[in-house]
Enquirer: 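Structure in structure tokens, see below.
Heads up: numbering here begins at 1 and tracks the sequence. Indexing begins at 1, ligand by ligand and atom by atom, following the structure's order. What you are looking at is a predicted structure, and each value in this text was computed from that prediction instead of being measured.
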Amino acid sequence: MDSNVIWSNEKKIERTIEALKKNNMNGYYVKDRYNLIELIKDIVDEGSIVSCGGSMTLFETGVIDHLRSGRYDFLDRYKDGITREEITNIFRQAFLSDAYFVSSNAVTENGELYNVDGTGNRVAAMLYGPDKVIVICGSNKIVKDVDEAIKRNREKSAPINAKRLDRKTPCAKVGYCMDCSSPERICNEYTLIRRQNVSDRIHVIFLNENIGY
Ligand code: SF4
């Protein structure tokens, strides 16, 4: 990445971290994946019960591998051969976990987390349940405000995810949201976390990279 772009992104990350603090959420900037994992070790105690929402960012950053390392009791929704029933059980057990790992469809410079879910398990756990929520984001997820967050989801996150999941939706063909009525629609629960009531519950960690959708 061009050094001037890196600088610009760093400024954006700094502004967003300050705004998150005002909304009672912790923000962090880590330089690389090694420091990301070290920070996670600081925030989440060894032996904790951990779970995660659906996220390509967690795979790309090596966080899923870290959760599988044996350091934690990981409720692994991605394990080989898992049945639909087992996944549903993990979704429910996740509410009782010590730490829940996710990314966010967008984070605004006002310190807000915007997310759209298909089944609601991810956003539900972000809102309530797990003692800690660890949100990992590339700088590409930062947007100016809620309007931009909605736009980002309609033009990027949702169509790309629909394509990845091979959904029979119009966005998976044309590449942008057409507010479909498809039975395979992936956009059902729209959430905005403007503030967190419980201190030290939500931790948002940024890397200065393009990661995930
Ligand atoms: S509402 Fe339908 S068309 Fe729009 S992004 Fe979601 S799945 Fe795609």
Enquirer: Do the charged groups of D147 and R152 touch, with an N to O distance under 4.0 Å?
Expert: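 No, D147 and R152 are not salt-bridged.
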Enquirer: Taking side-chain hydrogen bond (donor to acceptor under 3.5 Å, both in side chains) as the definition, give me every residue that meets it alongside N35, ordered by chain and number, with sequence neighbours left out.
Expert: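 Scan of N35 (side-chain hydrogen bond (donor to acceptor under 3.5 Å, both in side chains), adjacent residues dropped) gives D32.
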Enquirer: Between E148 and K151, is there a salt bridge with N-O shorter than 4.0 Å?
Expert: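 Here K151 does not pair with E148 in a salt bridge, since their nearest N and O are not under 4.0 Å apart.
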Enquirer: Among all protein heavy atoms, pick the one closest to atom 3 (S) of ligand 1 and tell me residue, atom and distance.
Expert: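 Going atom by atom, the protein heavy atom closest to atom 3 (S) of ligand 1 ends up being M178 N, 3.4 Å.
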Enquirer: Would you list the pairs meeting salt bridge (Lys or Arg N to Asp or Glu O under 4.0 Å) in which at least one residue belongs to residues 158-175, sequence neighbours left out?
Expert: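 Non-adjacent pairs meeting salt bridge (Lys or Arg N to Asp or Glu O under 4.0 Å): zero.
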Enquirer: Decide if atom CZ of R68 counts as having more than 12 heavy atoms of other residues, nucleotides or ligands within a radius under 6.0 Å.
Expert: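 Counting neighbours around CZ of R68, more than 12 heavy atoms of other residues, nucleotides or ligands fall under 6.0 Å, so yes.
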Enquirer: Identify, with sequence neighbours excluded, every residue that meets side chain to side chain contact (heavy atoms under 4.5 Å, CB included) alongside F59.
Expert: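 Expected list: I64, Y78.
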Enquirer: How about atom 6 (Fe) of ligand 1, which protein N, O or S atoms come within less than 2.8 Å?
Expert: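 Protein N, O or S atoms closer than 2.8 Å to atom 6 (Fe) of ligand 1: C187 SG.
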